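What follows is a short report on a single structure.
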Amino acid sequence: MAWIKIRDALRGEPGTELTIKGWVRTRRDSKADGGLSFVAVHDGTCFDPIQVVARGDLANYADEIARLNTGCSVEVDGVLVASQGKGQSVEIQATGVRVVGWVEDPDTYPVSNKRHSFEYLREVAHLRTRTNTFGAVARVRHTLACAIHRFFDERDFFYVHTPIITASDAEGAGQMFQVSTLDMMNLPQTPEGGVDYNEDFFARKAHLTVSGQLNVETYCCSLSRVYTFGPTFRAENSNTSRHLAEFWMIEPEIAFADLGDNARLADEMLKFVIDDLLTRRADDMKFFDDRIEKGIVDRLRAVAEAPLRLLPYTDAVKILQECGQKFEYRVQWGTDLQSEHERYLTELHFKQPVALINYPKKIKAFYMRENDPGTDGAPEATVAAMDLLVPGVGELIGGSQREERLDVLDRRIEEMGLVKEDYWWYRDLRRYGTVPHAGYGLGFERLVQYVTGMQNIRDVIPFPRAPRQAEF
RNA sequence: GCCCCGAUAGCUCAAUGGUAGAGCGAGCGGCUGUUAACCGCUAGGUUCCAGGUUCGAGCCCUGGUCGGGGCGCCA
């Protein structure tokens with residue numbers, strides 16, 4: 001008999017002989033017809049398990065089948081039949097059930113057949129994908145990742161693998177994890193008493209990357225449209241439901257493009273992946289809609305259909321100052337918005353994603369392109385930055401048009417107290433055939449959070465890495 | 001890093017300073033083409049750890065560990 005996936009079995013033709021392999025979700029017994037058991041089996045290929053009907057006349061019924069517990073692994077041979085019961089259209093009339101693996105102690109099986117809190121399931125992350133929620137998250141995560149690659153591929157972007165280890169100490173996007181093969185108990189010293197990194201693996205200080213942006217800009221300035229999709233590391237002591245020490249980031253970079261092109265790209269990408277997700281993972285999304293965040297499917301559909309709202313920072317400040325809402329922190333032009341302010345804009349005022357653009361220069365990174373004076377009626381200099389805020393998650397995307405003018409870039413590097421020589425290859429891009437270009441970083445886990453309604457980012461990545469959290 | 005909250009049965013939680021309980025899960029039995037099944041019985045506890053106060057501490061005090069929420073940093 002052919003082994004087929006439960007996803008296919010559930011939409012198969014009655015009468016088909018088949019074998020399925022998976023794990024027991026539940027077992028219910030009945031004394032009818034001389035005894036029989038209903039065994040729900042899942043194999044992760046779709047949201048629903050399939051119901052196996054095992055009759056009492058099967059050779060191993062009393063010894064094995066009637067003793068199956070949640071978590072046992074089984075192989076089932078049988079015939080697909082129309083179900084006599086409610087709740088499923090087809091089921092498997094078993095002709096043979098082989099128990100592949102028992103559950104050692106059903107009383108202490110960590111993911112027994114009952115509701116578990118997400119906090120608890122985080123402690124048994126190696127088993128939590130056996131639950132409805134985490135199985136669905138895993139499938140959605142996969143589908144989103146594929147959709148992102150397909151989106152870029154269809155638009156002639158090239159996928160670039162930027163380095164994980166970076167030997168330049170100059171990325172400037174936060175605390176970095178150091179990478180070293182030196183013996184920490186016996187560090188080589190310089191004559192001045194510091195650590196002699198000449199003795200280290202790379203003969204210099206090295207770190208895990210906090211962004212592939214500077215590297216991918218080089219490919220952008222030759223291949224025109226590129227993106228990265230890889231792991232990113234931040235050694236920040238962040239204890240929130242939307243930060244990880246290790247996360248995945250998508251960073252497209254487009255040449256001959258300005259901030260408007262950048263925002264359009266982000267909008268198109270978001271719409272593409274949402275549409276793809278709602279089509280391909282309708283079963284899982286129905287679950288998130290029912291059990292995790294009511295109405296999320298409709299809200300996502302609305303986002304996929306409406307144009308992205310762009311809002312200059314200067315206008316956002318005005319809205320916040322005039323809205324009459326009580327904030328803990330006062331809103332004033334020139335400071336970064338607090339999360340309460342971002343929340344107000346996206347969750348209460350607009351009730352949809354909002355892309356804030358043209359931020360004050362003094363609160364943004366050196367590589368962001370300086371706008372002409374007076375852009376949006378701003379009182380001070382602004383840069384062509386863009387933060388896409390979404391309800392529930394906050395900042396989903398952060399990006400900008402890059403400063404392509406060497407003299408302006410050099411001035412910015414200097415103003416921020418950075419060392420020009422550290423950026424020699426980055427500056428070369430502006431010396432040799434510079435072009436206006438732009439890009440953004442999309443936090444992949446935040447995207448998964450946004451589309452599923454999962455509240456904690458640690459529940460949308462298989463094995464979360466956060467301060468004091470590296471189990472598994 | 002800062003502020004707040006929490007830790008009791010496999011899980012989720014109760015318990016005025018005075019014999020530690022329930023629901024779910026699990027085991028056994030009953031009933032039933034079952035499906036959040038239902039009914040009955042049973043088992044299950046170093047009350048996070050180390051000290052302290054007290055005749056007596058799950059409860060009060062001190063220190064620690066772990067977890068959660070909020071804020072900051074950002075994606």
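The structure displayed is predicted, hence computed values, not measured ones. As a basis for the values below, the full set of heavy atoms in this structure was taken, side chains included, without hydrogen atoms, waters or symmetry mates. Labels below follow one simple rule: chain letters A, B, ... track the order of the sequence lines, proteins then strands, and each chain is numbered from 1.
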TODO: For residues A:Arg465 and A:Leu244, determine if any side-chain heavy atom of one lies less than 4.5 Å from a side-chain heavy atom of the other.
DONE: no
- [ ] Name every residue in residues 338-365 of chain A that has at least one heavy atom under 4.0 Å from any atom of RNA chain B, in order of residue number, or write none if there are no such residues.
- [x] A:Gln338, A:Ser339, A:Arg343
Open item on the list: Between C1' on B:G69 and CZ on A:Phe118, what's the gap in Å once rounded to a whole number?
Closed with: 16 Å
Open item on the list: Run the side chain to side chain contact (heavy atoms under 4.5 Å, CB included) test against A:Phe158 and tell me which residues pass, sequence neighbours left out.
Closed with: A:Leu223, A:Val226
Task: Rounded P spacing from B:U16 to B:C3 in Å - done: 30 Å
Open item on the list: Quick check: do A:Met454 and A:Thr133 have side-chain heavy atoms less than 4.5 Å from each other?
Closed with: yes
- [ ] Looking at every strand, decide which applies to A:Ile397 at a 4.0 Å heavy-atom threshold: base, sugar-phosphate, or nothing.
- [x] sugar-phosphate
Open item on the list: Please pick, from B:G72, B:G1, B:A75, the nucleotide with the shortest atom-to-atom distance to any side-chain atom of A:Arg446.
Closed with: B:A75
- [ ] Please answer whether the main-chain N or O of A:Gly78 pairs with a side-chain N or O of A:Gln93 as donor and acceptor at a distance below 3.5 Å.
- [x] no
Open item on the list: Quick check on contacts: within residues 52-68 of chain A, what sits under 4.0 Å from RNA chain B by heavy-atom distance?
Closed with: A:Val53, A:Arg55
Open item on the list: Can you tell me how the ring of A:Phe233 sits relative to the ring of A:Phe177, calling it parallel under 30°, perpendicular over 60° and tilted otherwise?
Closed with: perpendicular
Task: Distance-only donor-acceptor test (3.5 Å): side chain A:Glu119, base B:U12 - done: no
Task: A:Glu395 CD to B:C73 C1', straight-line distance once rounded to whole Å - done: 11 Å
Task: Rounded distance in Å between the P positions of B:A75 and B:G68 - done: 24 Å
TODO: Would you please classify the geometry between the A:Tyr227 ring and the A:Tyr159 ring as parallel, tilted or perpendicular, with 30° and 60° separating the classes?
DONE: parallel
Task: Pair A:Lys286 + A:Asp284: basic N to acidic O under 4.0 Å - done: no
Task: Sequence neighbours excluded - ring-ring contact (aromatic ring centres under 6.0 Å, His included) pairs with any residue from residues 38-67 of chain A - done: A:Phe47-A:Phe287
Open item on the list: What's the closest nucleotide to the side chain of A:Tyr120 if the choices are B:A75, B:G72, B:C11?
Closed with: B:C11
- [ ] Report yes if a donor N or O on one partner sits less than 3.5 Å from an acceptor N or O on the other, where the partners are the side chain of A:Ser112 and the base of B:C11; otherwise report no.
- [x] no
Open item on the list: Need to verify one output field. Residue with the more 5' nearest nucleotide on RNA chain B, A:Tyr109 or A:Gly85?
Closed with: A:Tyr109
- [ ] May I have the distance from A:Glu236 (atom CD) to B:C2 (atom P), rounded to whole angstrom?
- [x] 16 Å
Task: Check: A:Glu217/A:Tyr426 side-chain N/O donor and acceptor closer than 3.5 Å - done: yes
Task: Length of the CD-C1' vector between A:Glu328 and B:C4, whole Å - done: 13 Å
Open item on the list: Looking at A:Arg458, I'd like to know whether one of its side-chain N or O atoms comes within less than 4.0 Å of OP1 or OP2 on B:G68.
Closed with: yes
- [ ] Would you mind checking if A:Asp261 and A:Arg264 are paired as a salt bridge, meaning a charged N to carboxylate O distance below 4.0 Å?
- [x] yes
Task: A:Phe272 six-ring centre to A:Arg155 NZ/CZ under 6.0 Å and within 45° of normal - done: yes
TODO: Among the candidates B:G68, B:A26, B:C73, find the nucleotide nearest to the side-chain atoms of A:Pro106.
DONE: B:A26
TODO: Can you tell me the distance, in whole Å, between the NE2 atom of A:His116 and the C1' atom of B:G25?
DONE: 8 Å
Open item on the list: I need the full list of ring-ring contact (aromatic ring centres under 6.0 Å, His included) pairs touching residues 90-118 of chain A, with sequence neighbours left out, sorted by first then second residue.
Closed with: A:His116-A:Tyr120, A:Phe118-A:Phe134
Task: Positions of residues 38-51 of chain A (non-hydrogen atom under 4.0 Å from RNA chain B), listed by number - done: A:Phe38, A:Gln51
Can you tabulate the close N/O pairs, meaning under 3.5 Å, that link protein atoms to atoms of nucleotides 63-66 of chain B?
{"residue": "B:C66", "atom": "OP2", "partner": "A:Arg468", "partner atom": "NH1", "Å": "3.0"}

Open item on the list: By the 4.0 Å heavy-atom rule, please label A:Gln213 as base, sugar-phosphate, or nothing.
Closed with: nothing
Open item on the list: With ring-ring contact (aromatic ring centres under 6.0 Å, His included) as the rule and sequence neighbours excluded, what pairs involving residues 440-472 of chain A come up?
Closed with: A:His126-A:Phe472, A:Phe229-A:Phe444, A:Phe463-A:Phe472
Task: Min side-chain heavy-atom separation A:Glu328-A:Glu340 under 4.5 Å - done: yes
TODO: Flag the pair A:Asp459 and A:Arg122 as a salt bridge only when some basic side-chain nitrogen lies within less than 4.0 angstrom of an acidic carboxylate oxygen.
DONE: yes
Open item on the list: Return whichever of A:Asn69 or A:Ala32 has its heavy-atom-nearest nucleotide of RNA chain B closer to the 5' end.
Closed with: A:Asn69
- [ ] Spell out yes or no: do the side chain of A:Glu91 and the base of B:G33 have one donor N/O and one acceptor N/O closer than 3.5 Å?
- [x] yes
Open item on the list: So if I take every side-chain heavy atom of A:Lys114 and compare against B:G1, B:U34, B:U12, which nucleotide ends up nearest?
Closed with: B:U12
Task: d(CG, A:Asp105; C1', B:G10) in whole Å - done: 8 Å
Open item on the list: Over all strands shown, is A:Ser117 touching base, sugar-phosphate only, or nothing at heavy-atom distances under 4.0 angstrom?
Closed with: sugar-phosphate
- [ ] May I have all residue pairs that pass salt bridge (charged side-chain N to carboxylate O under 4.0 Å, His left out) and include part of residues 44-66 of chain A, sequence neighbours excluded?
- [x] A:Asp33-A:Arg55
Task: Side-chain (A:Glu445) to main-chain (A:Trp248) donor-acceptor, under 3.5 angstrom - done: yes
Task: d(CG, A:Leu396; C1', B:A75) in whole Å - done: 8 Å
Open item on the list: Using only atom types and a distance under 3.5 Å, with no angle test, would you say the side chain of A:Lys362 pairs donor to acceptor with the backbone of A:Thr335?
Closed with: no
Task: Short side-chain to backbone donor-acceptor contact, A:Asn358 and A:Tyr313, under 3.5 Å - done: no
Open item on the list: Looking at A:Arg128 and A:Glu123, is any side-chain nitrogen of the basic one under 4.0 Å from a carboxylate oxygen of the acidic one?
Closed with: no
- [ ] Take atom CD of A:Glu104 and atom C1' of B:A26, then tell me their distance rounded to the nearest Å.
- [x] 15 Å
- [ ] Can you tell me, in whole Å, how much space there is between the C1' of B:G45 and that of B:C11?
- [x] 14 Å
Task: Listed nucleotide nearest any side-chain atom of A:Asn456, set B:C73, B:G69, B:U34 - done: B:G69
- [ ] Would you please classify the geometry between the A:Phe157 ring and the A:Phe152 ring as parallel, tilted or perpendicular, with 30° and 60° separating the classes?
- [x] tilted
Task: Any donor-acceptor pair under 3.5 Å from A:Arg7 side chain to A:Gly44 backbone - done: no
TODO: Indicate whether A:Phe247 forms a stack on B:A75; treat it as stacked only if centroid distance is below 5.5 angstrom and interplanar angle below 30 degrees.
DONE: yes
Open item on the list: Give the residues of residues 385-394 of chain A touching RNA chain B, defined as any heavy atom closer than 4.0 Å, sorted by residue number.
Closed with: none
What pairs of nitrogen or oxygen atoms, one from the protein and one from nucleotides 39-46 of chain B, lie under 3.5 Å apart?
none

Task: Bracket notation of RNA chain B in which parentheses pair within the strand, [ ] cross earlier pairs, and | pairs with another strand (Watson-Crick or G-U, under 3.5 Å) - done: (((((((..((((....[..)))).(((((.......))))).....(((((..]....))))))))))))....
Open item on the list: With no hydrogens and no angle check, just 3.5 Å: does a side-chain donor-acceptor pair link A:Asn113 and A:Arg27?
Closed with: no
